[in-house]
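Notes follow the structure.
Counting from 1, the numbers follow the sequence of the chain as shown. All values derive from a computational prediction rather than experimental measurement.
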Amino acid sequence: MSMFFLAVGLVLVVEGLAYALAPSFIRRMAEELPKLADEYLRIFGVAALAIGVGLVYLARHL
């Protein structure tokens with residue numbers, strides 16, 4: 001359970017940094033997001049998921 005809280009905390013740190021360091025970029029991205037086709041969003045989501053799983057695997061086994 002502590003690993004879960006660690007993961008959620010790290011996600012919040014990364015998200016917070018993005019909003020703190022580049023709020024105008026985040027706003028522009030949010031405006032462009034509805035214009036993207038569902039297929040592109042799905043591909044991006046699967047790629048992010050795969051990278052995340054790989055990073056967790058590396059962190060646990062190195």
Side-chain angles (χ1 to χ4, degrees):
M1 190 63 148
S2 64
M3 184 66 84
F4 173 76
F5 288 121
L6 176 64
V8 171
L10 288 173
V11 167
L12 291 173
V13 166
V14 171
E15 289 284 330
L17 278 173
Y19 283 103
L21 296 177
S24 61
F25 175 73
I26 297 295
R27 184 172 287 116
R28 282 195 316 267
M29 278 187 55
E31 291 170 354
E32 294 296 321
L33 205 54
K35 299 175 186 175
L36 293 175
D38 288 348
E39 297 83 35
Y40 293 119
L41 293 174
R42 189 169 288 117
I43 290 169
F44 178 76
V46 170
L49 176 67
I51 292 169
V53 168
L55 289 173
V56 169
Y57 176 82
L58 287 175
R60 297 285 292 165
H61 291 91
L62 290 181

(message) According to a hydrophobic-cluster definition based on side-chain heavy atoms being under 4.5 Å apart (Ile, Leu, Val, Met, Phe, Trp, Tyr only), do Met1 and Leu6 belong together?
(response) no
(message) Taking transitive links into account, so neighbours of neighbours count too, which hydrophobic residues share a cluster with Leu21 at under 4.5 Å side-chain distance?
(response) Val13, Leu17
(request) Please write out which residues are connected to Val11 in a hydrophobic cluster, directly or through intermediates, given that two of Ile, Leu, Val, Met, Phe, Trp, Tyr count as joined at side-chain heavy-atom separations below 4.5 angstrom. (result) none
(request) Over all heavy atoms of both residues, which pair between Ala30 and Pro34 is shortest? Give the atoms and the distance, please. (result) O-CD, 3.3 Å
(request) Could you pull out the closest heavy-atom pair between Ala20 and Pro23, with the gap in Å? (result) O-CD, 4.0 Å
(request) Kindly state each residue pair satisfying side chain to side chain donor-acceptor pair (under 3.5 Å) with at least one member in residues 8-33, sequence neighbours excluded. (result) Glu32-Lys35
(message) Once ring pair (Phe, Tyr, Trp, His ring centres under 6.0 Å) is applied, do any residues pair with Phe4, and if so which ones, sequence neighbours excluded?
(response) none
Expected list for residues 39-62: side-chain donor-acceptor pairs under 3.5 angstrom, two or more places apart:
unit_1 : atom_1 : unit_2 : atom_2 : d
His61  : ND1    : Tyr57  : O      : 2.9

